[in-house]
S.K.: 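If you scroll down you'll find the structure; I have some questions about it.
Every chain is numbered from 1, with letters handed out A, B, ... down the list of sequences.
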Amino acid sequence: MKYDFAAIEKKWQEHWEQVKPYAAETGSNKPKFYGLVEFPYPSAAGLHVGHPRPYTALDIITRKKRMEGYNVLFPIGYDAFGLPTENFAIKNHIHPAIVTKRNIENFTRQLKMLGYGFDWDRVVDTTDPSYYKWTQWIFLQLYKKGLAYKTTMPVNWCTSCKCVLANEEVVEGVCERCGSEVVRREKSQWMLGITKYAQRLIDDLDGMDFIDRVKAQQINWIGRSTGAELKFQTTAGDELLVFTTRPDTLFGATYMVLAPEHPYVKKWMDRIENREAVLAYVEEAARKSDFERAELNKDKTGVRLEGVRGINPVNGREIPIFISDYVLVTYGTGAIMAVPAHDERDWAFARKFGCEIIEVVKGGNVEEAAFTLKDDTGIMVNSGFLDGMTVKEAIPAITKWLEEQGIGREKVNYKLRDWVFSRQRYWGEPIPLVHCDKCGWVPLPESELPLLLPQVDSYELTDDGESPLSKMSDWVNTTCPCCGGPARRETDTMPQWAGSSWYYLRYMDPHNEHEPVGKPAEEYWGPVDWYNGGMEHTTLHLLYSRFWHKFLYDIGVVHTKEPYAKRTSHGMILGKNPHYVGNVETEEEKQALLDKYGNQATRPAVKMSKSLGNVVNPDDVVKAYGADTMRLYIMFIGDFEKTATWSDEAVKGAKRFLDRCWNLLEMAKDSAAVTPENESAIHKTIKKVTEDINTLKMNTAIAAMMALVNDFYSRGLSRGDLEPLILLLSPFVPHLAEEMWELGGYAARYGKMAMQMSWPVYDEAKTQDAVREMAVQVNGKLRSTIRLAADAPDEDVIAAACADHKVQRYLDGMELVKTIVVKNKLINLIVKPAK
RNA sequence: GCCGGUGUGGUGGAAUGGUAGACACCAGGGACUUAAAAUCCCUUGGGAGCAAUCCCGUACCGGUUCGAGUCCGGUCACCGGCACCA
């Protein structure tokens, strides 16, 4: 009989639809396990071949957990608000809600096609009013606690999306999504006070089972640095506050720099003698896009403020003040004390503008370059009472002095900025606040949630940078919940990251009409035991949702400080590069590719894209080989954490393996007994697969099962031998496993599906071979192998090794000085020439 | 520049400090077949040799060790993140 994957997969998917074997039961007595994958954005393109990688991995893990007796929650949903859908809708004149519905249907079909064990009764859709009601509710709680506030500030503005972006959404000066130029604009925006949680977001990573690179990247992004904040007097009378991580170098501060946007620049305009030059510079800086700032990088520019000088508090010296865009208004105090001798940027600026360079830490040559080491090797000089100290001693000493003088204190700063939370677009959650001329911003009463997105015909972009909602006067004009007077609704919507910041909680209790999540459900299921997702979300979704969770913890909605106990991450799936130089033979052809595609041509594999024609559609793979082959191959492709390249040839290998498994049914002798010669191999395989699934090493788990199948082909097998193999296969290739389970008569015998059986257990004793092959080394070089009974005493091992005819040649005329025996593995004979 | 990671056959990739290359893909050979596909079996890191067997091999240089792909120091290359953050 042939392995008819199409019929088998259809049959079992329909069966599972009926019996719902993946339903999670809140409050069950079994131990719980909550496995989570990042819910997809339902794009028009459908499922990408990258999606099945993490989904299959967690599907395998949760299926195994079920077989191990856990009550498993493995949910799925759709993160469906967002710009691509809105842009698609505008272009094709379809309402985004319709586009979304259609895309979700397609994604659902594809996910079911792949046989995932999701609990389909808990599906969450962020655009569903019964869901975003609670997204809005959480926003109102943030507002009530002062963590949501509206402020005018320079923001990242995408010139193509016509929308603001969070810092996390700007990559190398361009829009993360569309790649267009990002400029700075002054706009009034809703902000979330994530910086208030900066320290906790660092501290609570401790003890979490997150892979190291996720922790490192988050800590990096939050960017904590310790130093001092101190005041400089100025000849204008105002005090200038600066932040420095090197208070020890205060004696070397020979000038100051303000960001061009620093408020004092305007304030001092009357005193500034070179007004025109200063104004011109400020204007130019404002015009520069982030991209230009990054491009122009190290080339320092600036203007000296003539007529105002700062006073170094430690020695009373008057020093010049500059403005320059190498000082950022968004970090620290927007003003610095410059110590050119010990800071590379200050040094470059000082050289260009002829500022004085005073060495205050010995150890370098400050005429040649800035000396920036902050360890014990440098000794303070030219620094009054700090002279002779190391840098490490000088920092607390000067900090103490600043405190005593009342002009400074120790200070911690973070690179993390508050989260720009409003978007000037239609397809997002409406922000549930109104503005009243009398009362200011007023939150909607919770009873009025959800505030529905108005149904309108036109949601085209406006050119003035306002949300499309601002054009809908019927919706915008309302009454103030506070005084009853006329008021206007907020017309900006929330960013895509809003709905995804708490969706894992909704899965626990998806139909609750009274709370975002009920207490019993949250206390039973929380926290998520294992969350897998992309590295690209480390400083976006993962950070944002940890922040929201901590806030919900503070207001008593959840009982854990952290949402996710464990976080792993998968590598991307790349496609073959059609322009790779390795594809062609001659030097001329290679050069032609290099000329045309540059660096691109040097890479064998690249991101899949329509324009390169290397996109793999899961539908096509499933049609040609079946879902089980797709699942198996995507797990076998390589180390889960690393990027991997899709190979059409290698898929066939996965299919071939499943064919070989299928044929075992007919090959197996009709006996329920385990064949003695297969027993050890079976137990070893159970052990290997069990351990490898736990550590996400699906590729080697599959390799072990392949090896066992090869053994069965060469040695023959019984129905009893096949039984545990089917159970091991079942999380990986559930359709094939169930069919074999049924056809092999196991289903009838146990009255259960394979997935409902207990996970096979191995007997450690039976994983041990009675006879071992041991390596024999002479002076560390492999010379022979010998076969001995397991756990043979060292004397026997040495005797057998010395007696081996290959080994003897190396012992001839030599004196045995030492032997090293590694039990059951290896013996090393150390010899030297006999005297 | 800073942080994190990687470097192993023609290819994807395996190897708690202990027989490098498991398992696959590709390729080659054989069986079956009128033939092809599929399937099954065999070979497959490089080099020398009729053979037994030997030599060389995990980016490069050095070190620790009886023994290093693995640990330590240094170098190079590539990938990911951050980047004028004071």
Side-chain angles (χ1 to χ4, degrees), chain A residues 2 171-172 211-221 223-225 227 242-246 249 257 259 293-294 296-300 324-328 330-339 342-346 348-349 372 413-417 535-536 538-539 571-572 582 602-605 633 636-639 641-654 656-657 659-660 663 697 699-707 709-710 713-714 773-785 806 809 817-831:
Chain A
K2 207 172 161 276
V171 177
E172 285 170 13
I211 50 172
D212 289 341
R213 54 194 177 127
V214 168
K215 283 192 188 182
Q217 242 180 67
Q218 289 214 344
I219 289 170
N220 236 329
W221 182 261
R224 179 194 153 102
S225 55
V242 303
F243 171 72
T244 176
T245 54
R246 292 296 300 277
T249 62
V257 187
R293 276 204 184 189
L296 301 171
N297 218 327
K298 308 291 175 205
D299 195 18
K300 300 280 178 294
S324 170
D325 64 5
Y326 87 90
V327 172
L328 308 174
T330 49
Y331 183 77
T333 62
I336 62 159
M337 63 178 222
V339 185
H342 304 289
D343 181 281
E344 279 170 29
R345 295 149 300 175
D346 295 346
F349 187 90
T372 57
N413 255 320
Y414 302 91
K415 288 184 204 169
L416 185 69
R417 303 268 66 86
M535 280 308 288
E536 72 274 18
T538 302
T539 54
M572 256 198 305
T602 62
R603 294 171 193 185
Y633 173 63
F636 190 58
I637 197 167
D639 186 328
E641 292 205 352
K642 291 194 197 126
T643 53
T645 310
W646 183 272
S647 156
D648 287 324
E649 291 78 51
V651 180
K652 291 178 191 153
R656 199 170 295 156
F657 170 65
D659 280 328
R660 281 164 72 79
N663 293 333
K697 302 183 83 160
N699 53 336
T700 49
I702 292 165
M705 291 189 284
M706 286 174 168
V709 170
N710 291 345
Y713 266 73
S714 55
E773 187 173 85
M774 288 181 69
V776 184
Q777 295 181 341
V778 180
N779 287 347
K781 284 204 167 209
L782 179 73
R783 294 304 179 186
S784 185
T785 55
K806 283 188 211 164
R809 303 170 26 191
V817 289
K818 193 178 175 187
T819 57
I820 291 138
V821 177
V822 182
K823 221 169 197 32
N824 294 329
K825 282 216 157 149
L826 165 146
I827 172 166
N828 192 1
L829 304 167
I830 313 303
V831 298

S.K.: When you measure from the side chain of F636(A), which nucleotide among A24(B), A14(B), G18(B) comes out closest?
M.R.: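 For F636(A), the side-chain atoms sit closest to A24(B).
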S.K.: Any base atoms under 4.0 Å from L829(A), or only sugar-phosphate, or nothing? Heavy atoms, all strands.
M.R.: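 The answer is nothing, as L829(A) stays clear of every strand by at least 4.0 Å.
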S.K.: K642(A) side chain N/O closer than 4.0 Å to the phosphate oxygens (OP1, OP2) of U6(B)?
M.R.: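 K642(A) to U6(B) OP1/OP2: no side-chain N or O under 4.0 Å.
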S.K.: Could you state the atom-to-atom distance from NZ of K652(A) to C1' of C23(B) in whole Å?
M.R.: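 Between C1' of C23(B) and NZ of K652(A): 19 Å.
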S.K.: Side chain of I820(A): nearest nucleotide among C25(B), A86(B), G18(B)?
M.R.: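 Of the options given, the side chain of I820(A) lies nearest G18(B).
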S.K.: May I ask you to verify if any side-chain N or O of K697(A) is less than 4.0 angstrom from the OP1 or OP2 atom of U16(B)?
M.R.: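 Negative; the distance criterion is not met.
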S.K.: According to a strict under-4.0 Å criterion, is S225(A) in side-chain N/O contact with OP1 or OP2 of A86(B)?
M.R.: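 Answer is yes, contact under 4.0 Å.
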S.K.: With a 6.0 Å cut-off (strictly less than), is the heavy-atom count around CD of E641(A), excluding the residue itself, greater than 12?
M.R.: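 Yes, the 6.0 Å shell around CD holds more than 12 heavy atoms from other groups.
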S.K.: With rounding to the closest Å, how many angstrom separate the C1' atoms on U8(B) and U70(B)?
M.R.: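 Taking atom C1' in both U8(B) and U70(B), they lie 12 Å apart.
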S.K.: Of all the heavy-atom pairs spanning A775(A) and L782(A), show the shortest one and how long it is.
M.R.: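 Looking at all heavy atoms of both residues, the shortest contact is CB-CD1, 3.7 Å.
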S.K.: Do the side chain of N699(A) and the main chain of I637(A) share a donor and acceptor less than 3.5 angstrom apart?
M.R.: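 No, the answer is negative, given that no donor and acceptor are paired below the 3.5 Å cut-off.
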S.K.: Side chain of D343(A) only, heavy atoms from C-beta on: which candidate in U19(B), A86(B), C40(B) is closest?
M.R.: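 The answer is A86(B), which lies nearest to the side chain.
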S.K.: Can you check the F243(A) CZ to A86(B) C1' distance for me, whole Å?
M.R.: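 So the two atoms are 8 Å apart, to the nearest Å.
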S.K.: Where the side chain of N710(A) is concerned, which of A24(B), G18(B), U6(B) is the nearest nucleotide?
M.R.: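 Of all the options, the side chain of N710(A) is nearest to A24(B).
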S.K.: Closest to the R809(A) side chain: A86(B), G4(B), C54(B)?
M.R.: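 Nearest listed nucleotide: C54(B).
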S.K.: Decide whether a cation-pi geometry holds between K300(A) and F349(A); the criteria are a distance under 6.0 Å from NZ or CZ to the six-membered ring centre and an angle within 45° of the ring axis.
M.R.: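 Verdict for F349(A): no cation-pi partner in K300(A).
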S.K.: Between T245(A) and Y713(A), which has a closest nucleotide on RNA chain B that is more 5'?
M.R.: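 With T245(A) and Y713(A) compared, the 5'-side residue is Y713(A).
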S.K.: I'd like to know if K415(A) reaches the base of C82(B) with its side chain such that a donor and an acceptor end up less than 3.5 angstrom apart.
M.R.: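 Answer is no: no donor-acceptor pair is held.
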S.K.: Considering just the side-chain nitrogens and oxygens of N220(A), establish if one lies under 4.0 Å of OP1 or OP2 belonging to G4(B).
M.R.: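 Answer no for this pair, as no side-chain N or O of N220(A) is under 4.0 Å from OP1 or OP2.
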S.K.: Can you work out whether S784(A) or R213(A) has the more 5'-proximal nearest nucleotide on RNA chain B?
M.R.: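 It is R213(A), whose closest nucleotide lies nearer the 5' terminus.
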S.K.: By the 4.0 Å heavy-atom rule, please label I830(A) as base, sugar-phosphate, or nothing.
M.R.: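 Sugar-phosphate: the residue I830(A), judged by heavy atoms under 4.0 Å, touches backbone atoms but no base.
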S.K.: Strictly below 4.0 Å: does R656(A) bring a side-chain N or O up to OP1 or OP2 of U39(B)?
M.R.: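 Yes, such a contact exists.
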S.K.: Could you state the interatomic distance from OG1 (T643(A)) to CE (M535(A)), rounded to the nearest 0.5 Å?
M.R.: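 Here the rounded value is 12.5 Å.
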S.K.: To the nearest Å, how far apart are K823(A) NZ and U16(B) P?
M.R.: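 In whole Å, U16(B) P and K823(A) NZ are 21 Å from each other.
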S.K.: Applying a 4.0 Å non-hydrogen cut-off, can you work out what D639(A) is touching in the nucleic acid: base, sugar-phosphate, or nothing?
M.R.: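 The answer is sugar-phosphate, as D639(A) gets under 4.0 Å only of primed atoms, P, OP1 or OP2.
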